[in-house]
Structure formats: structure tokens, C-alpha cells
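Structure, as C-alpha cells:
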Amino acid sequence: MATTTAQESDTEDPITTGAAPTSSRVVLEWVEQWRNILQPDAVHWCDGSPQEYDQLCNEMVAAGTFLRINPDNHPNSFLALSDPRDVARVEEQTFIAAATREDAGPTNNWRDPTELKEKLLADFSGAMKGRTLYVVPFCMGPLGSHISQYGIQLTDSPYVVVNMDIMTRMGQSALKHIEAKGQFVRCVHSLGYPLAAGEADVAWPCNPDKRCIAHFPETREIWSFGSGYGGNALLGKKCFALRIASVMARDDGWMAEHMLILGVTPPNGEKKYIAAAFPSQCGKTNMAMMVPSIPGWKVETVGDDIAWMRFGDDGQLYAINPEAGFFGVAPGTSDKTNPNALKALVGNCIFTNVAHTPPNANGFVGADDVWWEDLSETPPSPLMDWHGQNWQPDSDRPAAHPNARFTVPAAQAPCIAPEWEDPKGVPISAIMFGGRRADAVPLVTEARDWEHGVFLGAIMSSETTAAAAGAVGKIRFDPFAMLPFMGYNVGDYIAHWLEIGNSTSPEQLPKLFWVNWFRRDSDNHFIWPGFGDNARVVKWVVERIQGTAEAMDTPLGLLPAPDSLDLSGIDAELREQIQAELLTCDPDSWSEEIPRLKQHLEQLGNRVPRKLFDQLDSLKRRLETA
Ligand code: SAT
Ligand code: MN
């Protein structure tokens, strides 16, 4: 570990980056430039060692940011409770500062890069007074993979450092690769809460009024101010791996997508890989870790949130998971919904904004442990909620925040695919797009071809969730589950998808599918059982790839032919309801949707390829003649 503190030195300007474990001029100059702006008391170059991790955690326990939870239940694990104003991604304060408004497109908040930098430089100036500046070199993807990318995050949050340690390949080895390449994404992050001499710190410093998550795609920079939570602050995740990487991918012929990656082994042993795009909090982690309800089928996890995909020399599309950990939604995670996630949470976890049992508690979880909605049918008692206040089952608010999270190393999941870190990536045979839709969208629809699949991805919509600040449950269009994560104009993004479809032979392209697990009946209950039963849909998809399952043509696309979707073991009444409601296309209600879809495509601006409107016209015609 290399920390230089003001106290240790007796020169005029005591803080230097002199203890840096690198001789790379680009790195040193950049860090030094920011040290001058941020004015920290100390600079710490992160080496990514377990000792460093332990020391930072112990310091956070001492500072009150972390509570060590019962080591008998979760060794080496901690609970953090955030400032109640800092609990989710803030889309309103997230900006794409591309050279022109048009380059950012109508779905992004655009700011002029020069003006935004000027404003932010004022905010960053002196922002780390009284704090340590951590230099966090990291790699997104397996170290040395030709698909991986590198970054350095400057931050004054030790909470961010330890989360980055779990979520990325962080430290000395990443720095060596950065030195060799001379290239890295520049990520600057401050909580925006400097401390005056002698001022006491708070457990979760942040500056909600001045929050600003800024992306400069042309220069591959991220400047994030004022938040310490999730995707606002762990800059390797949405900021880099999606917003900046989507721009890199467009420029260089690859794809950066909001997708899980799973490996599925059918009874015949021929393993296939599927990527699936769903908005935040729509079950990507559960799907990636599912335990199939149908015998003889096995699912393994490659990634649960982000996929980077590139064509191999053989013309196939290969995917890596750029992350090294899971930053999963805790509430709802249970033995029923995701037993593999619970098994992954054996230890070395960071829990944020879940509920906890006080030190003197007894009962099911015992003292000093964590709890969230659905973890057990009966909540433990006594229980402290995510505000740290006493909570009763008849309270009118949840015990865990709906966007409470666990951070855990991916390797700890018992279902992790042995090849999950293969630098080559895994060959993708199918891509699914799915939203959270109570009505209309069938359980599964196969696209007629790539272009039709791109159309289905572009008209995806979903109910909003607690992963982002704002209203929950409102339907919004969320093309490719990338609405909050595209680093450039959505029309160009769709055009890029079309270009990808021309980059290899049609037989080598993944097949595209549209799915929806979230249809509700008139009593507002989910119709489809979901979770392990989603394996039935995966099975149909694999059989379509292999050419063994039947499909029927509908105006929307190819739906499972009667009896081709395996519904064995589901009770007869539900089977009938599934056939009648989830595996049909209702031409009348879809005809009513057409004007809305047209308006949606128009609102995406004048860079939306003509082909999308042609697809809409064809859909309209098919519906009229159905
Ligand atoms: O907060 S994150 O962006 O990391 C999680 C999510 O919304 O998917
Ligand atoms: Mn996500």
C-alpha cells in the first residue's frame, strides 16, 4: 500500500504522487493534475491486495460507515446504510456531454462539454479537502482479454474502493496493463463533501444538491460528483461499461449491452450461451442464476448485468462479462427466487440499505445479521430498517430499501460457469429482449430475422423500478433496456445494431427473441410462474436454435406452436391460461398500439433508420390481414 499523508512530510508542498507504483507519465501527470484540483490530504494508490481491502473495511467500521455483521453467518461482511437522499441512480442528473446535442440524441440529457467541465471544475475544486484521494486502476473484463478495457478511477470514497475491488479487476495488475497500453478511461469521482480542519465526518458523506454524473464520450472521460451510491459512483459499471463503452463499441464494431450472459446445457450435453437484455430490477440476476424447473437442464452464470460482445475470426459473436462481481438487488432474493444468490452470499459481502437485526437479537437470523423483504416469510424481531430505526411488520414502509443491494465476488456463486473468465469470451447463440409488461407482450416471440429483432428491441417498453430515482411502475419505452445507458444518439445506436447484423453470415448471427415474464391477470397476479420456470422458455429457444421446436407465424413474430413449449408439471388450468393468454397475439389490441409505436420511433429522432419504420409498416399490414 502506498499512502502519502501531509503529516508524514515536512516539505512545503508535502503531498505528492511520488509514492506512485508506476512510472507511466500519462498516469502520473493526470493524477497530479487532479490532485491539484481536488486538494486531498493524502493520496493512496490502490494495489488491490486483500490487506488493503481489510484495512479499508476496518477503517470504515471505525468511522461508522460499515457495521461488521455476524461473522458466524457471513464472515468478512459488512452493512452500509446510505444517506436517505442517496439511494439509486439519478437519471435526471446524468449527462452525456457529447460535442453536439444531436450526438447525444433525444433520449439523453445533453450539456455542452466545455460549459459542463467549467461548472464541474468549480465543484471539484478543493472537494477532497480533509480526505484521502484513492487512485483505483481497474480492468473491465478478464485481465489481458482482447475484449477487455482499462480505466482509472479517482475517488474519495473508501466504500467505492472496496466495491470496485469486488466489481472489477482492481489494483496493481490492472495498472501494469494500463502502463503497457498507455490508454485508459479517465474516471473522476468525489462525494463533494470536503472536511474543514477538525470537522467530524458523517457515516455516508454525499452532496445530493450538487449531484452530477457527467460523461464526455469523445475524450472517454467520466466526472461524477455528489453521490456515493451504485451506478452513480462505481464508475466501472454503467458509466464506463455501458455509456462510454457503447461509444467505443460503435467506433470499433463491437457491442456493449445491458445483458446477462448464461450458459445452458441441455440433456444432450451441447452447451449454448444466451445473452438477455432486461431493464434494471427486472430479474437479470435471478435469470442468470436460475435453477431450471425442468429435469436434465443446467444453467450456469457468465454475467448478470453487462455483456461486451465482439466477432471472433470464425464469424461468431463472443461475449465477456466485463464485471467481476454482482451488485444485485437484495429485496425479493430468497431460497425460492434465487437460491444460488443466497449461496453466493456466504461471506465477503457488502450489504447496502438492507435491514438488520441488532446485536441482542435472537430468532431466525440471529444477532447482527441482515434481512430484506422475502428473505423469510416471517421477519425477524427485533429488526432495524435501512434507516437504522426500529421496524415492525405492521410498519407502512419496507424494512430494506427497494433498491438495497448486495455486492459479492462472482466467483462465489455455485452456479458460475467454469469458463466465465475465458479471455476469448463465450459464443452467443441467442439474444433475448424483455421488459416488465403487465399486458400485451407474449411470453416469448422469435424474431423473423435480425432486422425484425432489432425492431422488437427498439420498441421494448417496461414499467419503471426503484433502481432509478423517480416514479415506480410507469410504463416507458426502453429500447434494448439501454435507455438510461446509451452514450450516444439512440438512432445511431439502432443503426449500429443493424450494421452488426451485416457483419457476418446470417446463420452465424445469434437468433433474437422477445420475452415477457410479467403479464398479470385481472386480479393483478403474475400469470407466468417465472424464476426456474423461465427455463421452459430457454429450452424452446435452444430447440429453435437446434431446429427441433415448432413455431407458429403470427403478426408479431414466431410464437411457440401449440405444445412446443414444455409446460409439463404445470397444473392443467394454468397451462390453459398460459396457452390462451401468453402464447397468442391479439391483433386488435396490437393494432391499437401502432400509433403509439410510431410516435415512439418518431420521438427517437431523425437518425432512426428508415428500416425501423418499414418494419412498423409490415407489422401494421400483418395485423390488418390477420
Ligand atoms: O445502480 S446500478 O446502475 O449499478 C444498478 C442498476 O440500476 O442496474
Ligand atoms: Mn443493470
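Reckoned from all heavy atoms, side chains included, excluding hydrogens, waters and symmetry mates. Indexing begins at 1, ligand by ligand and atom by atom, following the structure's order.
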If you look only at distance, which donor and acceptor atoms sit under 3.5 Å apart when one is on a side chain in residues 473-482 and the other is two or more places apart or in another chain?
| unit_1 | atom_1 | unit_2 | atom_2 | d |
| --- | --- | --- | --- | --- |
| Arg476 | NH1 | Glu91 | OE1 | 3.0 |
| Asp478 | OD1 | Met482 | N | 3.1 |
| Asp478 | OD1 | Leu483 | N | 2.8 |

Response to the item:
Here the pair of heavy atoms bringing Ala469 nearest to Ala88 is N-CB, 3.8 Å
Item to complete: Provide the closest heavy-atom pair for Trp372 versus Ala400 in the form atom of the first, atom of the second, distance.
Response: CB-CB, 3.8 Å
Practice prompt. Output all residues satisfying side-chain contact (heavy atoms from CB on, under 4.5 Å) with Val329, sequence neighbours left out; order by chain, then residue number.
Written response: Gln281, Pro331, Arg405
Is it the case that [X] places NZ or CZ above or below the six-membered ring of [Y], under 6.0 angstrom from the centre and within 45 degrees of the axis?
X      : Y      : answer
Lys284 : Phe278 : no
Arg250 : Tyr488 : yes
Arg520 : Phe526 : yes
Arg310 : Tyr318 : no
Lys117 : Phe216 : yes

Practice prompt. Please report the number of protein N, O or S atoms that lie less than 2.8 Å from the Mn ion (ligand 2).
Written response: 3
Discussion item. Please output the residues near ligand 1 using a strict heavy-atom distance under 4.0 Å, listed in chain and residue-number order.
Written reply: Arg89, Gly230, Gly231, Lys237, Lys238, Ser280, Phe327, Arg405, Ala467
